[in-house]
Amino acid sequence: MAGQQDPSTQGLSGPRLGERLPRSFFAEDVLDVAPALLGCFLTVGPVTVRLTEVEAYAGESDPGSHAFRGPTPRTQVMFGRAGHLYVYFTYGMHWCANVVTGTEGHASAVLLRAGEVVGGERVAAGRRDGIPRRDWTRGPARLATTLGLKGEDSGADTCGDDGRIAFHAAASHVPAPLIRTGPRVGVSGAGGDAEAYPWRFWLADEPSVSAYRPAKPRPRRTPS
DNA sequence: CAGTTGATTCGCT
DNA sequence: GCGAATCAACTGG
């Protein structure tokens, strides 16, 4: 009873507020790591964001994951050590960033979907010239762009000594009721169980996260 | 405000 | 060759 029990540390031996996230933080189950990353900070060079939306990808057994069909040159980093970045290129023009979680060989990762710029605003603004601040980091590709992440950063160790890329724990405790969950976004044919489980996590009442709207196909009127 | 559509390169089959 | 863990512009209300 001497030790004050912090409810936020159930299941994860959490780092203290504001401390750098060690590799052990990422070496847990992806469904534990993903929500625990909300409110945490990611620094890449001069820019720092506070994470407000993430998505879990559960390795080789997850049909929605790039790792589903086994390791390839592109996805190899996912099969490696936790704490490294997996950055991929998509739709012919966008980069998106993940952080690898779990045990080596399991290939699970957390997609970083949205955040809020809290440092290096000058540099961020230069990268997102003419775009409303709210859209700087809303969506995985926008987030990666604002942070300056590209393919060359895939494989970077966020727990390394370099320190150019690093995660830090939230500045204050994130109340569990603020953590919302829902289906993943944009995962086509997400495959059976993956659709049944909410593997997307975000912070309620964050302007950087658009409210989840279930896709409602409107009866399209046929002109003919 | 919200729904639709074109853009454009890479990775894998 | 096809489809993609998306975005920004444009449409109509």
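The sequence lines fix the lettering, A, B, ..., with proteins before strands; numbering per chain opens at 1.
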(request) Just do the ring pair (Phe, Tyr, Trp, His ring centres under 6.0 Å) check on A/Phe26 and A/Phe167 with the steps written out, would you? (result) CA-CA 10 Å; A/Phe26 298 100; A/Phe167 285 93; 5.2 Å; yes

(request) Please give the nucleotide sitting opposite C/dA5 as a Watson-Crick or G-U wobble pair, both distances under 3.5 Å, or none. (result) none

(request) Can you tell me the pairing partner of B/dT8 across any strand shown, Watson-Crick or G-U wobble, with both distances under 3.5 angstrom? (result) none

For [N], does OP1 or OP2 lie under 4.0 Å from any side-chain N or O of [X]?
{"X": "A/His66", "N": "C/dA5", "answer": "yes"}
{"X": "A/Arg128", "N": "C/dA8", "answer": "yes"}
{"X": "A/Arg142", "N": "C/dA8", "answer": "yes"}

(message) I'd like to check, for A/Tyr88, whether its ring lies over the base of C/dA5 with centroids under 5.5 Å apart and a plane angle smaller than 30°.
(response) no

(message) Restricting to non-hydrogen atoms, name the atom on A/Ala56 and the atom on A/Leu31 that form the minimum distance, rounded to 0.1 Å.
(response) CB-CD2, 3.8 Å

Please state how far atom [atom1] in [X] lies from atom [atom2] in [N], giving the value in whole angstrom units.
{"X": "A/Glu152", "N": "B/dC10", "atom1": "CD", "atom2": "P", "answer": "15 Å"}
{"X": "A/Leu143", "N": "C/dA5", "atom1": "CG", "atom2": "P", "answer": "17 Å"}
{"X": "A/Phe89", "N": "B/dC12", "atom1": "CZ", "atom2": "P", "answer": "14 Å"}
{"X": "A/Trp136", "N": "C/dC7", "atom1": "CH2", "atom2": "P", "answer": "17 Å"}
{"X": "A/Tyr91", "N": "C/dA8", "atom1": "OH", "atom2": "P", "answer": "14 Å"}
{"X": "A/Arg134", "N": "C/dC7", "atom1": "CZ", "atom2": "P", "answer": "14 Å"}
{"X": "A/Trp202", "N": "C/dA5", "atom1": "CH2", "atom2": "C1'", "answer": "16 Å"}
{"X": "A/His94", "N": "B/dG11", "atom1": "NE2", "atom2": "P", "answer": "16 Å"}

Of all the choices, [options], which nucleotide is nearest to the side chain of [X] once you look at every atom?
{"X": "A/Tyr86", "options": "C/dT6, C/dA5, B/dC12", "value": "C/dA5"}
{"X": "A/Pro73", "options": "B/dC12, C/dA5, C/dC7", "value": "B/dC12"}
{"X": "A/Met93", "options": "C/dC7, B/dT8, C/dA5", "value": "B/dT8"}
{"X": "A/Arg69", "options": "C/dA4, B/dT13, B/dC10", "value": "B/dT13"}
{"X": "A/Ser65", "options": "B/dG11, C/dA5, C/dC7", "value": "C/dA5"}

(message) Let me check something: do A/Leu147 and A/Ile131 share a hydrophobic cluster, defined by ILVMFWY side-chain heavy atoms less than 4.5 Å apart, either directly or through other members?
(response) yes

(request) Could you check whether A/Asp135 gets within reach of a base, just the sugar-phosphate, or nothing at all, counting any heavy atom under 4.0 Å? (result) nothing

(message) Against the six-membered ring of A/Phe89, is A/Arg74 placed for a cation-pi contact (under 6.0 Å from the centre, within 45° of the normal)?
(response) no

(message) Checking the side chain of A/Thr137 only, and the main-chain atoms of A/Gly115 only, is there a donor and an acceptor separated by less than 3.5 Å?
(response) yes

